[in-house]
Structures are given as structure tokens and as C-alpha cells.
Amino acid sequence: MDETNISDFVAKQPTEVKIETKDELDTFFEEFLEKDSLFLDKVVLQVKYLPEIILHRTAQMKQLAAILAPALKTDKPSNLFIYGKTGTGKTLCMKHTITKMNALAESRNIPLRIIYLNCKLKKVADTEYRIIAQLAREVGEHVPMTGLPTDEVYNIFLTKLDAKKQTIIIVLDEIDQIVRKSGDEILYTLTRINSELNQAQVAFVGISNDVRFIEDIDPRVRSSLGEEEIIFPPYNALELKDILAKRSILAFKGPIIEDGVLAKCAAYAAREHGDARRALDLLRVAGEVAERTNCEAIAAQHIDMAEEKIEKSRILEIIETQPKQSQIVMYSILLVLAAKKRGEIAETGEVFEQYKELCKQTGNNILTQRRISDLISELDMLGLINARLISKGRYGRTREIYITIPADMLEKINTTLQGELF
DNA sequence: AGGTATTCACATGAAACTATTCTCTGAGTTAGG
DNA sequence: TAACTCAGAGAATAGTTTCATGTGAATACCTGT
């Protein structure tokens, strides 16, 4: 759905080549070696690639630089909040700025550190403790992953920070994730950090996908954290096309992209809130598909195929990585729906009954309906199912559950789940 | 007919509990001097 | 005596359970006409 790296997953998929005999295998490899790759440098199309020039984000870059620049003169810059949907270049611009500023600080010997933390990273920075621990590690203190009280780690961090006169900018990417998970206490703790420091000073940059996020945090935090804000609007189709064009020059060997392909790719991605990452993924997978089918150029049809492929592997990957209980619930939903006619929906109660049955069969323990309710909403969030809350008046309230996964895909999901469960 | 009250089948929230993972500590044990 | 082992104790976290409360609208039940 969001940051899970679909790109890598798609790349790992085996090639769809049927190999019957050893001779064919030999020739296949030989042909493979002889065949020229369409790609010059695939990395350019991946998320982690940091381009030298960031297109269509000049205004934001200027703002960002203007706000953070005082740090270079050892003043405390304003705290900053950055909003924007996924794939609008927030992280990219931020990282770019960080690299530049850190380099400058190093060469001029300015006591400035910028620490970047992605709060979404599991096991690294997704709870209050982990964030503070990670910060402490960034400034060079060893702290255990667990075993210490949170405020002790906080004190360790604080002492180390204050040891010398310096400016620290802490960038918290996807800050809305922790707040949703463990409340806004961390933010409060962090914002009052300055009042406990004598020598050092700290500024914060929060990056969030969710614009409404700021509305439901503690007002005290809101005012101190949101001194400045920058908004990253989605790219429109034209801008996306520019970006794709620029990167495809570096990524592919020669002009192998047919007319209109980039436009189509951009249009697809623009349709989904202008996500540049998606556009790049699409182009890369399209390239892979074209290569695999021995095409010399990337045509519009490859984009369609790429989209389908990305979607398929995304769904399968999500399902495979779900915890067991979640898988059981998913399978129950599929079973309930399979027992019905097309177009009909399942309800929470039915799914729960089926779920209990399934647990007995597979020897798993049965969770409460309360929990199943949550699991169902989680599956909904993941986009595996659609669940709509409806009231049937006298006959209660429930979730209408249905799926939008195409039928040919369903087959595969079923077997996957069966394999996982039995 | 129009208005109010019920009622169903869950949803949603908060708090408490459980199992697991990890560290640190200090008692007891061991091996070498 | 120093080094080592190993069982607590304390802490964080994910995943659940328990208990309590909320909810939207189709029906049932009134009410006065």
C-alpha cells in the first residue's frame, strides 16, 4: 500500500519462462547473456535513488533552505512541518537538503548535526522508546534495545547532547505513524527538550503524509512544533512526465520508449494522487516486462501489463506476510464469499462463525470477536478487502465485506492461503 | 399520519493481561596462581 | 582472586482479552386526528 518496497519484490519474481530440457536451459542462458539489456542503470528508477536535480520542487526547496539556513550560523532554526502525500518528494527534498547542509557543516567546521529518522521503520524508530534510543545512538551513545526505562535513555541522550555547544536538527519522517500508534507524548517530550538544554539547541522537522494529523495532537505541541510549514502538492501528469523523461534517459539504453508511453505512465500515476514513486515503479516494471518478452522498445501495452503485475505481487506479498490469525480471517472471508452468489457480501458475524470453524480445523486457538473485528478493519486498511459499515436498522449494524480482487487472482490467493494454513 | 422509543448486531474504546525479548545484577561456581 | 555462568528482576512491546459504551436506522408502539 505505501512504503513496503514493492519494487524489490517485483524484481524478485521469477521469470516466466518454461524450461523443459537441459538443452533448452543451455540455450536460454546463452541467449540471455547475448541479449542486450534495455536498462543502463536500473537504480535510477528505484525509490532510494537521489537525483542531483529535483524537478518541480524549486519553490519548496527554497522555503526549506530558507527555514533551515540559520542553523549554519549556529542559530536555532524554526521548527518545521512538512505535509504531502506519498511520492510527492518530501523525503527526497529533505534528504537532499540534509546532505548539502551536513557537507557544508563539515567543511566549514560548523557544529551542526542533522539526524534523520524514519518513524515507520519497524524495530528501529516506531515507538517512543525506540526513537529516543535511536537518537541517543545517533549521537554516539550505546543503548540497549530494551531493558532500560525510557526516561533513563532520555537522560543519557540529553547529557550527551548538552556536552558541547551545537545545533541539532532532528528530522522525523512519517511522524503521523508514531502518533497514531503510541500517542503524542513523544512529541511533547521532544518539544520541551530545549528547555532542559544549556549549551546545545535542537530544532525539529516533522514530515507527515496526513494533513489532518496536526489537528488532533496536543495544542501545546502543535504551536511549538508547527512554527513553519511547507506543503508538497501532488505532481500533476505533466510534471510526472518530466520526471520520468529525465530519469529514463539515465535508466535506459538509448531512446527505446515509444511515443506516449511516458504520458500514459504519468497519467496512471497522476490518477492516484500524483505519486511519483508509483510512476517510476510502473516504468521500471514495464521495462522489465518488455525485456522479458524480447521487445526492443517499451510500448503502451507494457505499462498496462506492469500495472497488473505490480498490483498482483503487492496483494500476494501482503497476504503472505500477514500473521497467521490474519490469514485465517482472510481465508474465512474468502470462504464465506465463495459460498455465496456473485455480488453478495459477507458480514462480520458470518465471517466469525466461519473463522471459528477454520480454527478448529487447523488447530489454532480462537480469538474473540472483538479481535476479529479489528483484524477485519486491518485487512480493509491493507486494501485486501473492502469493508463498509452499514446499519440494517432493526437488524443491527455490521460491516459489509466484499473483495475487489479479480477472479484469476483469487485462485492463486486461495492456494497460497491453504498452503500457509494447512 | 407523524412522532418517539426499541432493538439488533455489531462497532469502538480503554484498560488490563500475557508471552516474549532483551538487559543488567549479583550470587554461586570454576580454574588458575 | 579473577573470570564465568546462570537465575532472577526490570523494562518494552505485540497481541489479546475483558468490560463498557456507542450507534444508525428499520421496526414497534403511541398519539391525537
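In what follows, chains carry the letters A, B, and so on, assigned in the order in which the sequence lines appear, proteins first and then strands, with residues in each chain numbered from 1. On a predicted model such as this, the values are computed, not experimentally measured, just so you know.
For the 3.5 Å distance criterion, the side chains of Thr86(A) and Asn209(A) fail to qualify, holding no donor opposite an acceptor. Donor-acceptor pairing under 3.5 Å is lacking for the side chains of Asn194(A) and Lys76(A).
Taking atom CG of residue Leu375(A) and atom P of nucleotide dA11(B), one finds them 12 Å apart after rounding to whole Å. Between the P atom of dA25(C) and the CZ atom of Arg388(A) lies a distance of 12 Å, rounded to the nearest Å. Atom pair Glu353(A):CD and dA9(B):C1' shows a separation of 13 Å (rounding to whole Å applied). Note: CZ (Phe352(A)) to P (dT16(C)) measures 13 Å, nearest angstrom. Ile131(A) has its CD1 atom 14 Å from the C1' atom of dA12(C), to the nearest Å. Atom CZ of Arg137(A) is separated from atom C1' of dT23(B) by 12 Å (rounded to the nearest Å). Distance CD1 (Ile156(A)) to P (dT23(B)): 14 Å, rounded to an integer number of Å.
Of the residues in residues 393-403 of chain A, those lying under 4.0 Å from DNA chain C by heavy-atom distance are Gly393(A), Arg394(A), Tyr395(A), Gly396(A), Arg397(A). A heavy atom lying under 4.0 Å from DNA chain B marks the following residues of residues 360-373 of chain A, by number: Gln369(A), Arg370(A), Ser373(A). For the segment residues 322-340 of chain A, the set of residues with a heavy atom within less than 4.0 Å of an atom of DNA chain B is empty. Only at 4.0 angstrom or more do the heavy atoms of residues 344-351 of chain A sit from any atom of DNA chain C, so none qualifies.
Here Ile390(A) lies out of heavy-atom contact (under 4.0 Å) with every strand.
Around NZ of Lys62(A), the count of heavy atoms belonging to other residues, nucleotides or ligands within 6.0 Å does not exceed 12. Within 6.0 Å of the NZ atom in Lys264(A), the count of heavy atoms belonging to other residues, nucleotides or ligands exceeds 12.
Comparing the helix axis at one end of the helix from dA1(B)-dT31(C) to dA31(B)-dT1(C) with that at the other, each defined from 5 consecutive pairs, gives an inter-axis angle of 20° (nearest 10°).
The salt bridge (Lys or Arg N to Asp or Glu O under 4.0 Å) check on Arg113(A) picks up Glu138(A), with sequence neighbours excluded. Every residue was checked against the salt bridge (Lys or Arg N to Asp or Glu O under 4.0 Å) condition with Lys85(A), not counting sequence neighbours, and none meets it. Residues passing the ring-ring contact (aromatic ring centres under 6.0 Å, His included) test with Tyr235(A): none are found, sequence neighbours excluded.
One finds a salt bridge joining Arg314(A) and Glu311(A) here, because a Lys/Arg side-chain nitrogen approaches an Asp/Glu carboxylate oxygen to under 4.0 Å. Between Glu307(A) and Arg278(A), at least one side-chain N (NZ, or NE/NH1/NH2) sits under 4.0 Å from a carboxylate O, which counts as a salt bridge. We find that Asp374(A) and Arg370(A) are joined by a salt bridge, their nearest charged nitrogen and carboxylate oxygen being less than 4.0 Å apart.
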Would you tabulate the pairs of protein nitrogen or oxygen atoms and nucleotide nitrogen or oxygen atoms of nucleotides 16-18 of chain B closer than 3.5 angstrom?
none

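Taken to the nearest 0.5 Å, the CD1 atom of Ile376(A) stands 4.0 Å off from the CD1 atom of Ile401(A).
When all heavy atoms are compared, the tightest approach of Leu64(A) to Cys93(A) is CD2-O, 4.0 Å. Pairing each heavy atom of Lys246(A) with each of Ile53(A), the nearest pair is NZ-CD1, 4.2 Å. For the residue pair Ala299(A) and Val261(A), the shortest heavy atom distance occurs at C-CG2, 3.5 Å. Closest approach of Phe252(A) and Gly287(A) over heavy atoms only: CE2-CA, 4.3 Å.
Every pair passing salt bridge (charged side-chain N to carboxylate O under 4.0 Å, His left out) that includes a residue from residues 392-402 of chain A is listed here, sequence neighbours excluded: Glu347(A)-Lys392(A), Arg388(A)-Glu400(A). Residue pairs meeting the side chain to side chain donor-acceptor pair (under 3.5 Å) criterion with at least one member in residues 93-104 of chain A: none, sequence neighbours excluded.
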Got a list of side-chain donor-acceptor pairs under 3.5 Å for residues 415-422 of chain A, not counting sequence neighbours?
residue, atom, partner, partner atom, Å
Thr415(A), OG1, Glu411(A), O, 3.2
Thr415(A), OG1, Lys412(A), O, 2.8
Thr416(A), OG1, Lys412(A), O, 2.6
Gln418(A), NE2, Tyr331(A), OH, 2.7

